[in-house]
Peer 1: 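I am attaching a structure below and will ask some questions about it afterwards.
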Amino acid sequence: NTTHLWCLRALKYSVPILQRARGAGERWEEEHYEDGVKWRFLEHKGPLFAPEYEPLTDNVRFHYNGQPMKLSANAEEVATFFGKMLDHEYTTNAIFRANFFTDWREVMTSAERKLITNLNKCDFQEIHTYFTEKTEAKRVQSKEVKQDLKMEQEAIAQEYGYCTMDGHRERIANYKIEPPGLFRGRGSHPKMGKLKNRIQPEDVIINCSRDSKIPVPPTGHNWKEVRFDNKVTWLASWTENVQGAMKYIMLNPSSKLKGEKDWQKFEIARRLKGCVDDIRAKYSADLKSREMKSRQRAVALYFIDKLALRAGNEKEEGETADTVGCCSLRVEHIKLHNKLNGQACVVEFDFLGKDSIRYYNKVLVKKQVFKNLKHFMQNKDPSDDVFDRLNTHNLNKHLQELMEGLTAKVFRTYNASITLQHQLEQLTDSEGSEAEKLLSYNRANRAVAVLCNHQRTAPKSFDQSMKKIQAKIEAKKEQIDLTKSELKSAKMYHKVKKDKKSKLVVEKKKKMVQKLEEQLTKLEVQATDREENKQIALGTSKLNYLDPRITVAWSVGGWVRSGEIKWRVGGSESKGMLESSSWEASTSTDTMGRQRERDALSEMLSFGWDVTPRLCGLFWRQFHCRPLPTKKYTGVDPEGVVVGGGGGG
DNA sequence: ACTGAGACTTGGAAAAATGTTA
DNA sequence: TAACATTTTTCCAAGTCTCAGT
């Protein structure tokens, strides 16, 4: 495929959508609920529970101390959780093993518990092999069987995967209750390997409206509770046993509810654009405040704004992996360099952030920030908080006073989106080829991902795939050389012959060289893109931080229509195009801006961009209308919400 | 003012789907 | 068409932030 411009995926059947989007009567305005009310009517079927455990047949044996042994159903089920994971690194981790073993022994019969006292003497190999083979058998099933299975899944999704909210049929994001298994915490999580219990209907709270068809619990069971709370958005909830956290069943991003919330988020970020200069001036002044609390807050804000750090709530010690954000930074996470590589006032950060992703950065900071930090860190132990007078609560309270709706994370959203816009302006060459433009977009996206520290582990076949594309490039070069020499001899031949036929050959070869050279640049650009993206994850920023309207504005600004990616040329070929439709310039009340955005989206759709759930969300936010179904996607509901294909794990 | 439960967004890994190649 | 590569989607953990209760 050609592009992963996230909200611009190509699809062939979208013209009706365009027409509908343009049809004035197709939009509907809806009343806005007051004061925390999220809906008026909510009806659903309740969650789908995990399939019951199927005991192993006698030929699949667990061994203890070399001896085969039949386990009780409960113990066996938990053993399979571990056995399935045998080739995962988790199963070699001491904490994982210890937690697993403790919890496993708890579900054993007393006889089993008495016998099985050492995990090292447990042999799960047959269990592992059994499940590997099962997966393989599934993989090689005939097309027909696979198709049938898919249809079955689809039927279930139709029944459980949708709800009715205020007259709209909405897709549910996670209608399946999480199956039992072993908890996989990230980083060095003290609870990794613990048993995640099977959730029963008796654990589940149902939320719906009083006048709806109340979901019926599975036969022989009851719900924990049925409530009618329209101040929350969830349909069902339960408490998970490992961390004691709540889990929720909620709507898909394509829903009105989620889409509008998402839109609001970007509106708040755009409001910040309007006052960020004042806020920066304020915290810059506060760097010299007499009050310690204000000074710490100012430095923290400086980092949150400049480095897009997360707020950093306090965490319960020993319950989770040891990670920090801005407010929870400790002395050991920061090194101060009076001078580093000829630069004065450099702060070196090294800490584990969300998901235990390492944040490492050397940053040139304002003198006053540096001075303050030195002061904050004086006479403290490495494990002491840098900002001992500060927490996310009072930080956000302060921000709330500066701008309504402002919290620490808004800075991340704002800085991410404005960075995308500025990078697009800087990097895009309107004369460039389609592939080059795509590279520009990805580079702009990459700049955001770097800012937000969105990293991934390089795909395991990365080097190989890199080599492959290099080989392709070499092959293409050779082909070009060959064609060029062919062209040369064709020219010579034509010089002698001077007839029409030989001239035609020359022209043909010329064209071929040109075509090959285009292909070569495309490959080279692709290789660059891939290399630069080795350890960068673009998904999160695309999905959560980049206002889609920026991409729309950029794409409509004048790009090339060719091949499968179709960009618009013309209208405005001048460089000013981005300014006129820029993110910061347009506001929700700006009808011209709104109209332009609408046109842009229509434009996208008329070119055949794919309608993904998120794009449906965009539609809701922007136009209060729904795209029509497309053929590519299965499971289309009566309102025409596109629900997306299968997939996932 | 403080606290923790609750609700909702954000995050990378892994699985499934899809595309490409031998 | 099988095997491999890449893209898309699911999964569920881990954050942020609010709000109710004290």
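Sequence lines set the chain letters: A, B, ... in the order given, protein chains first and strands last, and positions in each chain run from 1. Treat the numbers as computed from the prediction; the structure is a model and nothing was measured. The basis for the numbers below is simple: all heavy atoms, side chains too, and nothing from hydrogens, waters or symmetry mates.
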Peer 1: Between dC11(C) atom C1' and N252(A) atom CG, what is the distance in whole Å?
Peer 2: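 Checked: the CG to C1' distance equals 14 Å.
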Peer 1: Please identify which of these residues, Y283(A), F349(A), F351(A), meets the ring-ring contact (aromatic ring centres under 6.0 Å, His included) condition with F303(A).
Peer 2: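 Only match with F303(A) under ring-ring contact (aromatic ring centres under 6.0 Å, His included): F349(A).
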Peer 1: Check whether the side chains of D229(A) and N207(A) place a donor and an acceptor atom closer than 3.5 Å, and report yes or no.
Peer 2: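 On atom types as modelled, these side chains do not qualify, holding no pair under 3.5 Å.
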Peer 1: Taking the nucleotide of DNA chain B with the nearest heavy atom to each, does K468(A) or Y545(A) sit closer to the 5' end?
Peer 2: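 The answer here is Y545(A).
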Peer 1: With a cut-off of less than 4.0 Å, is there a side-chain N or O of Q455(A) near OP1 or OP2 of dG12(B)?
Peer 2: no
Peer 1: Return the value, rounded to whole Å, for the distance between atom NZ of K409(A) and atom P of dC8(B).
Peer 2: 13 Å
Peer 1: Among the candidates dC17(C), dC12(C), dA14(C), find the nucleotide nearest to the side-chain atoms of D355(A).
Peer 2: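 The closest nucleotide is dA14(C).
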Peer 1: Closest approach to the side chain of A311(A), judged atom by atom: which nucleotide of dA14(C), dA1(B), dT16(C) is it?
Peer 2: dT16(C)
Peer 1: Output the rounded distance in Å from CE (M250(A)) to C1' (dT9(B)).
Peer 2: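 Taking atom C1' of dT9(B) as the reference, CE of M250(A) is at 9 Å.
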Peer 1: Is T457(A) touching bases, backbone alone, or none of the nucleic acid, heavy atoms closer than 4.0 Å?
Peer 2: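 Sugar-phosphate contact only.
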Peer 1: For Q153(A), report the nucleic acid contact type (base, sugar-phosphate, nothing); a contact means any heavy atom under 4.0 Å.
Peer 2: nothing
Peer 1: Rounded to the nearest angstrom, tell me the gap between atom CG in N394(A) and atom C1' in dC2(B).
Peer 2: 11 Å
Peer 1: What contact category does H393(A) fall into here, base, sugar-phosphate, or nothing, at under 4.0 angstrom with non-hydrogen atoms?
Peer 2: base
Peer 1: Are T540(A) and dT10(B) close enough that a side-chain N or O sits under 4.0 Å from OP1 or OP2?
Peer 2: no
Peer 1: Just checking T233(A): base, sugar-phosphate only, or nothing, at a heavy-atom cut-off of under 4.0 Å?
Peer 2: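 The residue T233(A) makes sugar-phosphate contact but no base contact.
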Peer 1: Base, sugar-phosphate or nothing for A321(A)? Non-hydrogen atoms, less than 4.0 Å.
Peer 2: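 Since no nucleic acid heavy atom lies under 4.0 Å of A321(A), the category is nothing.
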Peer 1: So what does K196(A) hit on the nucleic acid, given a heavy-atom distance under 4.0 Å: a base, only sugar-phosphate, or nothing?
Peer 2: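 Touches sugar-phosphate only.
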Peer 1: Consider side-chain contact (heavy atoms from CB on, under 4.5 Å). Of K247(A), E202(A), Q200(A), which one does W238(A) pass it with?
Peer 2: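 Of the listed options, the one satisfying the test is K247(A).
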Peer 1: Counting only side-chain nitrogens and oxygens, does K38(A) get under 4.0 Å of the OP1 or OP2 atom of dC8(B)?
Peer 2: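 For dC8(B), OP1/OP2 do have a side-chain N/O of K38(A) under 4.0 Å.
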Peer 1: Once you apply a heavy-atom cut-off of 4.0 Å, does S237(A) come out as touching a base, just sugar-phosphate, or nothing?
Peer 2: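 The residue S237(A) makes no contact with any strand.
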Peer 1: Side-chain N or O of R310(A) versus OP1/OP2 of dG11(B): is the shortest distance under 4.0 Å?
Peer 2: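 Answer yes for this pair, as a side-chain N or O of R310(A) is under 4.0 Å from OP1 or OP2.
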Peer 1: Please tell me which of the listed nucleotides, dG15(C), dC8(B), dA13(B), lies nearest to the side chain of R456(A)?
Peer 2: dA13(B)
Peer 1: Answer yes or no: is there a side-chain heavy-atom contact under 4.5 Å between F387(A) and C326(A)?
Peer 2: yes
Peer 1: With nearest nucleotide decided by heavy atoms, which residue, S461(A) or K176(A), maps closer to the 5′ end of DNA chain C?
Peer 2: S461(A)
Peer 1: When you measure only distances, ignoring hydrogens and angles, does the side chain of R186(A) come within 3.5 Å of the base of dA13(C) through a donor and an acceptor?
Peer 2: yes
Peer 1: Checking contacts here: which listed nucleotide (dA7(B), dG12(B), dA14(B)) is nearest the side-chain heavy atoms of R184(A)?
Peer 2: dA14(B)
Peer 1: Will you find, in the side chains of K315(A) and T323(A), an N or O donor that is under 3.5 Å from an N or O acceptor?
Peer 2: yes
Peer 1: For the side chain of K354(A) and the base of dT10(B), is some donor closer than 3.5 Å to an acceptor across the two?
Peer 2: yes
Peer 1: Within the 3.5 Å criterion, strictly below it, is a donor on N313(A) or T392(A) matched to an acceptor on the partner's side chain?
Peer 2: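 A donor-acceptor contact under 3.5 Å links the two side chains.
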Peer 1: Report the distance from atom CD of E225(A) to atom P of dG6(B), rounded to the nearest whole Å.
Peer 2: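 Answer to the nearest Å: 11 Å.
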Peer 1: Would you check if there is a donor-acceptor pair between the side chains of E240(A) and N197(A) at a distance under 3.5 Å?
Peer 2: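 No - no donor-acceptor pair under 3.5 Å links their side chains.
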Peer 1: Given that G185(A) and N396(A) both sit by DNA chain C, which one's nearest nucleotide is further toward the 5' end?
Peer 2: G185(A)
Peer 1: Quick one: E178(A) CD to dT10(C) C1', roughly how many Å, whole number?
Peer 2: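 E178(A) atom CD is separated from dT10(C) atom C1' by 12 Å.
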Peer 1: Report yes or no: is there a donor-acceptor pair, N or O only, under 3.5 Å between the side chain of H189(A) and the base of dC12(C)?
Peer 2: no
Peer 1: Within this structure, what is the NZ-to-C1' distance between K265(A) and dT16(C), rounded to whole angstrom?
Peer 2: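 K265(A) atom NZ is separated from dT16(C) atom C1' by 12 Å.
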Peer 1: Under 4.0 Å between any heavy atoms, over every strand shown, what does K472(A) touch: base, sugar-phosphate, or nothing? Just pick one.
Peer 2: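 Here K472(A) touches the backbone only, sparing every base.
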Peer 1: Mind calculating the distance between CD (E154(A)) and P (dT10(C)) to the nearest angstrom?
Peer 2: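 My rounded result for the distance is 11 Å.
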Peer 1: Need one value for K138(A): base, sugar-phosphate or nothing, where a base atom within 4.0 Å counts as base even if backbone is also close, heavy atoms only.
Peer 2: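 The residue K138(A) makes no contact with any strand.
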Peer 1: Out of dG12(B), dG11(B), dT10(C), which nucleotide sits closest to the side chain of R171(A)?
Peer 2: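 Closest nucleotide to the R171(A) side chain: dT10(C).
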Peer 1: If you check every side-chain atom of Y248(A), which of dG15(C), dC17(C), dA7(B) has the closest atom?
Peer 2: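 Minimum distance to the Y248(A) side chain belongs to dA7(B).
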Peer 1: Look at the side-chain N and O atoms of K146(A) and state whether any lies under 4.0 Å from the OP1 or OP2 oxygen of dA17(B).
Peer 2: no
Peer 1: Heavy-atom nearest nucleotide on DNA chain B for D229(A) versus T135(A): which residue maps closer to 5'?
Peer 2: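 This one resolves to D229(A).
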Peer 1: Using 0.5 Å steps for rounding, measure from the CZ atom of F411(A) to the CG atom of L406(A).
Peer 2: 5.0 Å
Peer 1: Side chain of S465(A), heavy atoms from C-beta onward: which of dT6(C), dG11(B), dC12(C) has the nearest atom to it?
Peer 2: dT6(C)
Peer 1: Give G244(A) one of three labels, base, sugar-phosphate or nothing, depending on what nucleic acid heavy atoms sit under 4.0 Å from its own.
Peer 2: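 Counting heavy atoms under 4.0 Å across all strands, no contact is made by G244(A).
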Peer 1: Counting any heavy atom closer than 4.0 Å, what does Q464(A) reach on the DNA or RNA strands: base, sugar-phosphate only, or nothing?
Peer 2: sugar-phosphate
Peer 1: Touch check for N313(A), heavy atoms < 4.0 angstrom, all strands: base, sugar-phosphate only, or nothing?
Peer 2: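 It contacts base atoms.
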Peer 1: Among dG15(C), dA7(B), dT16(C), which is the nearest nucleotide to the side chain of T323(A)?
Peer 2: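 Nucleotide nearest to T323(A)'s side chain: dG15(C).
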